[in-house]
A.B. asks: 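My structure is below; once you've seen it, I'll send some questions.
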Amino acid sequence: MKAALRFAIRHQRELVLLLCAIAAIRVFMFSAAFPLFNNVDEQAHVDLVMKYARGEVPRDLGHYSPESAHHFSVYGTPEYFTAPQQFKANDFPPPNWTLPTEQREGAVNRNSAWWQSNQNHESGEPPLYYAIAGLWLNLGRVLGITGGWLLYWVRFLNVLLAAVLVWVGFVVAKLVFPDQPVMPLSLPLLLAVWPQTTFYSIQSDALSPLCFGIAFIGLIELLGAERPSLPLAIWTGLALAATCLVKTTNIALLLVAGIALILKIRNLTERGPLRPLLASVVALIGCAAVTIALWFAWNVHTFGDLTATGSKLDFLGWTRKPVSNWWPHPIFTLHGMKEFWPELMASFWRGEFIWHGTRLASQATDAFYWMSSTLAIALAVISLLPRLTKLTAFQREAFWLAFSSFAVVVLSVAILSIAFDFGLSPYPSREHPYFTSGRLLNGAAVPFFLLYCQALNYVFSLIPRLWPRIILFGGIVLFIIVSQFVVNRPAFASRYNFFHLSQPL
């Protein structure tokens, strides 16, 4: 066992590259297994990717394009929302692309007309993911990829995102655990097996962890640097701006940058003048603020409000409540918190896919996810108490920054839950007025798993022997791997997935 440990220490980078490959293979496999157009608004995101690929930036909600509607009609599946028993033959009908030409054209034309008559409620979403995915789609076309395979090509962009995210996790862990040989491998390992279904879908949430992960590296380096360089400040500011340009809810993470700057200014004030920091602070704030301000200006010009969410709220039938009406909300009760927190954390780990109308989840797995997460956050915070662990001042600040990152996004989701009357909306609803979509926390994935690793590190410090530590951590990883294969296994039998695609139409 000690020999294996020495090998891991000597070959850290090679092992992390292996973890990147494992993450890429896992995401490719599940992305291919799940049929197109899942229950997490994948049609809306595909439509935007196709519009951006043509250089069409939405100026209002707009309708689904004929190109998108055709693809929905040919390659869509009923498997997410319906069970096979709901069909006459107690089985799903064959995919439309396998039907005889006349029968296929009739079905496709009917479905396509319906889609084109509907508005795309996601049209006001920030542009970065759709611009990147649109370029990726055009690259696929240049390579000769068409039809359903082209849509899976767009999904497979997540393969690259997942692999790079693992490396970003390694960089963060190396910065925070510079003198510990094993801990820098723990964070990338957890990211490599993270079973979030966002990565198996075409949607912007897959880019949030990477963008803020890069920004988080910059903020940590800012805390640790004696004199933060101008290039560091510039790329950190741009990474923060990119985080906001991926998902509107990520704007809350700008508060974390403010916390980092306050900590840095406080530290420098104790040592001497602030002048060496001034240029870097201005550069960081300027790069983030100018970019976001341009996006806000475009939104006001086209959609009429800063975040381009007004039209979406009208479409969904949601109305803003006065602040005075926020407080009589069930989230402030024990029963409400028991509904909100466990589902939010379970969803953050395993995603939101349904299959045959039922959530793809396991009660035991969900219990492990939310209970271990709650315990990990608590232990990580406890470990920051000065008398319990021998952490440096820099490490404490880095972990507090990680805690702040996750706390900010959880708080923002809670505020969204109490700030709206959801009308007749099925989710969230008046009966269940909670945002429990864990993908909204994706931006803080790297900070969260850093806290998770610190909690394990604290527990390991109480265990003198090496082999129980390895068994504990290995057991957690093995449980995550096995459970996601068990939960997602039904998708592999689908006749509508990548493995069953025929000649593109």
Side-chain angles (χ1 to χ4, degrees), residues 40-42 44-45 47-49 51-52 57-62 119-134 198 201-215 237-258 288-321 344 347-348 352 405-420 422 425 427-428 434-445:
V40 194
D41 294 330
E42 191 171 22
H45 299 294
D47 181 59
L48 288 180
V49 170
K51 286 175 179 175
Y52 274 83
V57 181
R59 294 171 174 266
D60 52 32
L61 290 190
Q119 290 181 310
N120 185 345
H121 63 284
E122 299 286 0
S123 296
E125 282 297 299
L128 185 59
Y129 169 79
Y130 304 107
I132 294 172
T198 292
S201 177
I202 298 172
Q203 59 184 108
S204 58
D205 300 282
L207 187 56
S208 290
L210 181 58
C211 287
F212 188 70
I214 295 171
L238 291 176
L240 287 167
T243 302
C244 297
L245 292 177
V246 169
K247 192 80 175 176
T248 305
T249 50
N250 290 342
I251 292 174
L253 288 167
L254 292 177
L255 293 173
V256 180
V290 170
T291 308
I292 295 170
L294 290 173
W295 170 49
F296 281 169
W298 169 261
N299 289 340
V300 171
H301 174 67
T302 53
F303 284 84
D305 62 282
L306 284 178
T307 57
T309 53
S311 301
K312 181 176 180 178
L313 294 178
D314 292 340
F315 178 90
L316 295 173
W318 300 353
T319 54
R320 291 184 175 89
K321 296 192 296 186
L344 179 69
S347 176
F348 169 72
E352 301 171 62
S405 302
F406 197 69
V408 159
V409 291
V410 171
L411 181 62
S412 69
V413 170
I415 290 174
L416 287 174
S417 298
I418 66 178
F420 294 99
F422 298 109
S425 172
Y427 167 78
Y434 313 99
F435 275 94
T436 53
S437 299
R439 58 191 167 84
L440 299 178
L441 313 181
N442 276 9

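The shown structure was predicted, so the numbers you read here are calculated from the model rather than taken from an experiment. Starting from 1, each residue takes its place in the sequence as its number.
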A.B. asks: Is there side-chain contact between His45 and Val40, with heavy atoms separated by less than 4.5 Å?
C.D. replies: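 Not touching, per the 4.5 Å side-chain cut-off.
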A.B. asks: At what distance, to the nearest 0.5 angstrom, does CG of Leu416 lie from OH of Tyr434?
C.D. replies: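 One finds 15.0 Å between CG of Leu416 and OH of Tyr434.
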A.B. asks: Take Asp60 and Gln119, measure what side chain to side chain contact (heavy atoms under 4.5 Å, CB included) needs, and give me the verdict at the end.
C.D. replies: CA-CA 10 Å; Asp60 52 32; Gln119 290 181 310; over 6 Å; no
A.B. asks: Please find the pair of heavy atoms, one from Cys211 and one from Ala242, that lie closest to each other, and give the distance.
C.D. replies: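 Where Cys211 meets Ala242 most closely, the heavy atoms are SG-CB, 4.1 Å.
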A.B. asks: Out of curiosity, Ile251 CD1 to Thr243 OG1, how far, rounded to the nearest 0.5 Å?
C.D. replies: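 One gets 11.0 Å once the value is rounded to the nearest 0.5 Å.
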A.B. asks: Please walk me through it: do Val410 and Leu441 pass side chain to side chain contact (heavy atoms under 4.5 Å, CB included)?
C.D. replies: CA-CA 7 Å; Val410 171; Leu441 313 181; 4.2 Å; yes
A.B. asks: Assess whether side chain to side chain contact (heavy atoms under 4.5 Å, CB included) is satisfied between Thr319 and Phe420, documenting all intermediate values.
C.D. replies: CA-CA 6 Å; Thr319 54; Phe420 294 99; over 6 Å; no
A.B. asks: Could you go through the side chain to side chain contact (heavy atoms under 4.5 Å, CB included) check for Val300 and Asp305 one step at a time?
C.D. replies: CA-CA 5 Å; Val300 171; Asp305 62 282; 5.9 Å; no
A.B. asks: Could you tell me the separation between the OH atom of Tyr129 and the CG atom of Leu48, rounded to the nearest 0.5 Å?
C.D. replies: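 Tyr129 OH to Leu48 CG: 10.0 Å, rounded to 0.5 Å.
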A.B. asks: If you round to the nearest 0.5 Å, how far is OG1 of Thr249 from CG of Asp205?
C.D. replies: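 One gets 7.0 Å once the value is rounded to the nearest 0.5 Å.
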A.B. asks: Ring centroid separation for Phe422 and Phe435, is it under 6.0 angstrom?
C.D. replies: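 Here the rings of Phe435 and Phe422 have centres that are less than 6.0 Å from each other.
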A.B. asks: Can you find a heavy atom in the side chain of Leu254 that is under 4.5 Å from one in the side chain of Leu240?
C.D. replies: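 Counting from C-beta outward, Leu254 and Leu240 do come under 4.5 Å.
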A.B. asks: Which pair of non-hydrogen atoms, one from Phe303 and one from Ser311, has the smallest distance, and what is that distance?
C.D. replies: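 Where Phe303 meets Ser311 most closely, the heavy atoms are CD2-OG, 4.0 Å.
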A.B. asks: How many angstroms lie between CG in Leu245 and OH in Tyr130, if you round to the nearest 0.5 Å?
C.D. replies: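 Atom-to-atom, Leu245:CG and Tyr130:OH are 12.5 Å apart.
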A.B. asks: Hey, does the side chain of Lys247 reach the backbone of Leu440 with a donor-acceptor pair shorter than 3.5 angstrom?
C.D. replies: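 Flag not set: sc Lys247 to bb Leu440 has no pair under 3.5 Å.
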A.B. asks: With a 4.5 Å limit on heavy-atom distance, are the side chains of Leu316 and Ser425 in contact?
C.D. replies: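 The answer is no, as the side chains (C-beta and beyond) never meet within the 4.5 Å cut-off.
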A.B. asks: So, for Thr436 and Tyr427, which heavy atoms are closest and what is the spacing to 0.1 Å?
C.D. replies: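 For Thr436 versus Tyr427, the nearest heavy atoms are N-OH, 2.9 Å.
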A.B. asks: With distance as the sole test, does Ser347 use its side chain to make a donor-acceptor pair with the main-chain N or O of Gly438 at under 3.5 Å?
C.D. replies: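 Indeed, once roles are kept as given, a pair shorter than 3.5 Å links the two residues.
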A.B. asks: Using atom types as modelled, flag every donor-acceptor pair under 3.5 Å from a side chain in residues 291-298 to any protein atom, sequence neighbours excluded.
C.D. replies:
from   : atom 1 : to     : atom 2 : distance (Å)
Thr291 : OG1    : Cys287 : O      : 2.8
Trp295 : NE1    : Asn299 : OD1    : 3.4

A.B. asks: Is any side-chain heavy atom of Glu122 less than 4.5 Å from a side-chain heavy atom of Gln203?
C.D. replies: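 Contact flag for Glu122/Gln203 side chains = no.
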A.B. asks: Assess the side chains of Asp47 and Asn120: does a donor N or O sit below 3.5 Å from an acceptor N or O?
C.D. replies: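 Asp47 vs Asn120: donor-acceptor pair found between side chains.
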A.B. asks: Donor-acceptor pair, distance only, cut-off 3.5 Å: does the side chain of Asn442 make one with the backbone of Ser208?
C.D. replies: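 No; zero donor-acceptor contacts below 3.5 Å.
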A.B. asks: Atom CG of Leu313 and atom OG1 of Thr307: how far apart are they, to the nearest 0.5 Å?
C.D. replies: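 Result: 8.0 Å between the selected atoms.
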